[in-house]
Amino acid sequence: MASFVIEGGHKLCGEIHPQGAKNEVLQIICATLLTAEEVIVNNIPDILDVNNLIQLMRDMGVTVAKQGVDTYSFKAESVDLAYLESDEFLKKCSSLRGSVMLIGPMVARFGKAMISKPGGDKIGRRRLDTHFIGIQSLGADFRYNDERGVYEITADKLHGTYMLLDEASVTGTANIVMAAVLAKGTTTIYNAACEPYLQQLCKMLNRMGAKISGIASNLLTIEGVEELHGTQHTVLPDMIEVGSFIGMAAMTKSEITIKNVSYENLGIIPESFRRLGIKLEQRGDDIYVPAQENFQIESFIDGSIMTIADAPWPGLTPDLLSVLLVVATQAKGSVLIHQKMFESRLFFVDKLIDMGAQIILCDPHRAVVIGHNHGFKLRGGNMTSPDIRAGIALLIAAMSAEGISRIHNIEQIDRGYQNIEGRLNAIGARITRI
Ligand SMILES: CC(=O)N[C@H]1[C@@H](OP(=O)(O)OP(=O)(O)OC[C@H]2O[C@@H](n3ccc(=O)[nH]c3=O)[C@H](O)[C@@H]2O)O[C@H](CO)[C@@H](O)[C@@H]1O
Ligand SMILES: C=C(OP(=O)(O)O)C(=O)O
């Protein structure tokens with residue numbers, strides 16, 4: 001298990017470029033299974049989750065070639081269906097949440113998929129009902145093998161249908177869309193998730209010959225087609241990384257420019273930081289964050305205490321709440337952070353409290369943060385990263401703290417942030433990997 005040693009208190013200065021979006025690229029790579037032709041994908045981040053999925057595709061028999069620093073081609077002419085039954089494949093799937101999105105394309109094109117319980121962050125219950133019910137309603141048969149703890153999914157031919165999802169699941173919607181594009185007839189998905197990740201997936205599938213309408217809304221209509229073709233796709237910048245950089249700048253009183261953020265795809269994210277009092281300017285497609293000595297949390301119009309809560313897109317992504325929470329510890333004023341979707345993502349606040357933050361954890365979903373207004377610096381600490389976003393929040397806390405901090409289990413951070421210490425050290429941070 002690797003660790004970061006962080007010397008706190010150094011300001012950042014300069015420009016930083018966000019990597020390609022992790023949660024988009026996981027969908028996109030799975031979708032390359034839908035055609036025998038070559039799909040070229042640009043702006044692929046060099047992160048653990050993505051590299052593991054690329055390796056899994058290779059193991060399945062997909063021809064993968066690295067064509068440039070962040071460009072790969074995928075050609076799924078055939079897939080080794082026997083490998084899907086192997087313990088090795090199932091073990092790899094279980095350590096990677098994105099692998100659940102192999103089901104849709106595999107069933108649609110090859111009539112068969114196997115999956116063990118997928119991994120990902122341990123951030124509370126993460127059910128898969130939306131995926132299973134959706135793909136089942138297209139006509140697939142799900143069988144659970146108790147002995148091996150795996151699901152076997154089979155279908156002769158999928159058939160389009162109407163479905164109202166029980167929740168707007170991000171990976172669930174992606175999985176169902178990827179199954180429906182090759183189904184016979186029309187599929188209508190209501191209460192579909194509509195994050196930019198999904199918009200990008202649907203646009204790529206349409207370039208491959210799919211017929212999807214309603215993109216960016218929660219009502220998708222998919223007319224099934226016989227087959228799909230090759231294409232090129234460029235992954236959007238990672239909006240969670242953009243938000244993480246805004247948070248870092250505010251906590252370290254730094255002036256930075258975040259380059260090429262695809263501002264129009266950030267939704268409510270910039271506004272959520274502004275509600276904490278953080279100034280940021282859109283400059284072309286960049287975000288400029290000026291150095292700020294203080295920032296004051298707004299109140300609601302009726303004067304009541306600000307609440308920042310997650311919600312399905314275009315609401316605020318839950319993946320940024322840990323960052324917003326840590327930033328609030330140095331704001332002026334108080335805020336209630338309400339993590340509605342996940343039930344174990346706030347426990348990391350204990351570590352922030354140890355560092356001197358004023359936080360009341362009300363229950364697994366809600367924390368009240370009373371900001372120090374930069375009047376008291378957090379103390380360096382020794383901590384372990386429980387999940388990817390708590391990991392980055394702890395790194396932000398450590399970068400702003402007095403003294404040396406150590407963060408263990410940084411593999412969690414590596415899942416989603418490319419060479420984070422290298423990129424941050426280049427603009428003034430002091431982070432060492434040991
Ligand atoms: C690989 C990937 O893309 N992971 C993202 C994806 O995970 P993932 O697709 O696994 O998450 P889901 O969208 O399925 O659901 C996330 C959680 O929110 C709850 N829920 C979801 C929708 C809803 O309308 N109401 C509700 O309560 C679910 O019960 C679950 O606990 O989306 C999550 C929610 O944005 C993000 O945190 C993850 O980073
Ligand atoms: C929760 C996340 O990832 P995963 O769904 O892969 O666990 C995340 O990206 O914040």
Side-chain angles (χ1 to χ4, degrees), residues 1-2 4 18-33 41-60 62 64 66 69-72 74 88-105 115-124 126 128 131 169-175 178 193 195-198 200-201 233 235-244 317-320 322-323 342 345 385-395 407 409-423 433:
M1 253 191 348
F4 279 147
Q19 67 188 28
K22 161 175 105 52
N23 290 347
E24 175 187 333
V25 80
L26 294 173
Q27 300 184 9
I28 294 294
I29 291 175
C30 293
T32 65
L33 286 166
V41 186
N42 306 306
N43 202 24
I44 295 191
D46 182 7
I47 54 178
L48 214 53
D49 271 19
V50 169
N51 293 337
N52 286 342
L53 184 60
I54 292 175
Q55 187 52 44
L56 197 61
M57 298 286 283
R58 285 195 169 111
D59 296 343
M60 287 166 70
V62 178
V64 184
K66 189 164 180 178
V69 196
D70 55 12
T71 299
Y72 284 81
F74 298 85
E88 184 189 296
F89 171 77
L90 295 164
K91 191 163 164 243
K92 284 186 174 177
C93 287
S94 64
S95 65
L96 175 66
R97 180 142 193 100
S99 66
V100 72
M101 291 181 290
L102 297 170
I103 300 177
I115 190 92
S116 49
K117 229 171 153 244
D121 276 346
K122 302 288 172 264
I123 46 185
R126 299 192 69 174
L128 292 173
H131 301 239
S169 166
V170 174
T171 51
T173 304
N175 228 344
M178 290 190 277
E195 276 75 0
Y197 313 137
L198 275 149
Q200 286 283 98
L201 172 71
H233 180 83
V235 177
L236 284 176
D238 195 312
M239 60 181 177
I240 314 299
E241 215 189 43
V242 172
S244 306
T317 164
D319 296 347
L320 270 176
S322 306
V323 170
F342 294 99
R345 247 180 165 177
S385 168
D387 71 72
I388 170 177
R389 307 304 170 190
I392 204 75
L394 292 174
L395 183 63
I407 304 180
N409 194 24
I410 55 167
E411 285 75 11
Q412 279 295 345
I413 302 178
D414 290 336
R415 279 184 54 213
Y417 293 85
Q418 174 177 324
N419 180 23
I420 191 69
E421 75 277 26
R423 290 191 296 150
R433 180 182 290 260

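Every heavy atom of this structure was used, including side-chain atoms; hydrogens, water molecules and symmetry mates were not.
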Under 3.5 Å: donor-acceptor pair, side chain of [X], backbone of [Y]:
X: D238; Y: P18; result: no
X: S116; Y: L90; result: yes
X: E411; Y: A2; result: yes
X: Q200; Y: E24; result: no
X: R345; Y: S322; result: no

Can you confirm whether [X] sits close enough to [Y] that some side-chain heavy atom of one is under 4.5 Å from a side-chain heavy atom of the other?
X: Y417; Y: L395; result: no
X: M57; Y: L102; result: yes
X: I54; Y: I44; result: yes
X: L394; Y: P386; result: yes
X: N175; Y: P105; result: yes
X: I103; Y: H131; result: no
X: F89; Y: L56; result: yes
X: V62; Y: L33; result: yes

Just how far is it from atom [atom1] of [X] to atom [atom2] of [Y], taken to the nearest 0.5 Å?
X: E241; Y: D319; atom1: CD; atom2: CG; result: 13.0 Å
X: I392; Y: D387; atom1: CD1; atom2: CG; result: 11.0 Å
X: I240; Y: T317; atom1: CD1; atom2: OG1; result: 4.0 Å
X: I388; Y: I413; atom1: CD1; atom2: CD1; result: 9.0 Å
X: I410; Y: R415; atom1: CD1; atom2: CZ; result: 14.0 Å
X: Q19; Y: N43; atom1: CD; atom2: CG; result: 9.0 Å

With sequence neighbours left out, write down each residue that passes salt bridge (charged side-chain N to carboxylate O under 4.0 Å, His left out) with R433, or none if nothing qualifies.
->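 D414, E421.
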
Smallest separation among heavy atoms of A193 and S169, with atom names =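 Residues A193 and S169, closest heavy atoms: CB-O, 3.5 Å.
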
Looking at S244 and L320, what are the two nearest heavy atoms and their distance?
->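 Taking S244 first and L320 second, the nearest heavy atoms are N-CD2, 3.9 Å.
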
Are Q27 and N23 linked by a side-chain donor-acceptor pair shorter than 3.5 Å?
->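 There is no such pair (donor and acceptor under 3.5 Å, judged by atom type) between the side chains of Q27 and N23.
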
Donor-acceptor pair between N51 and D46 side chains, under 3.5 angstrom =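 Present: a donor and an acceptor within the cut-off.
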
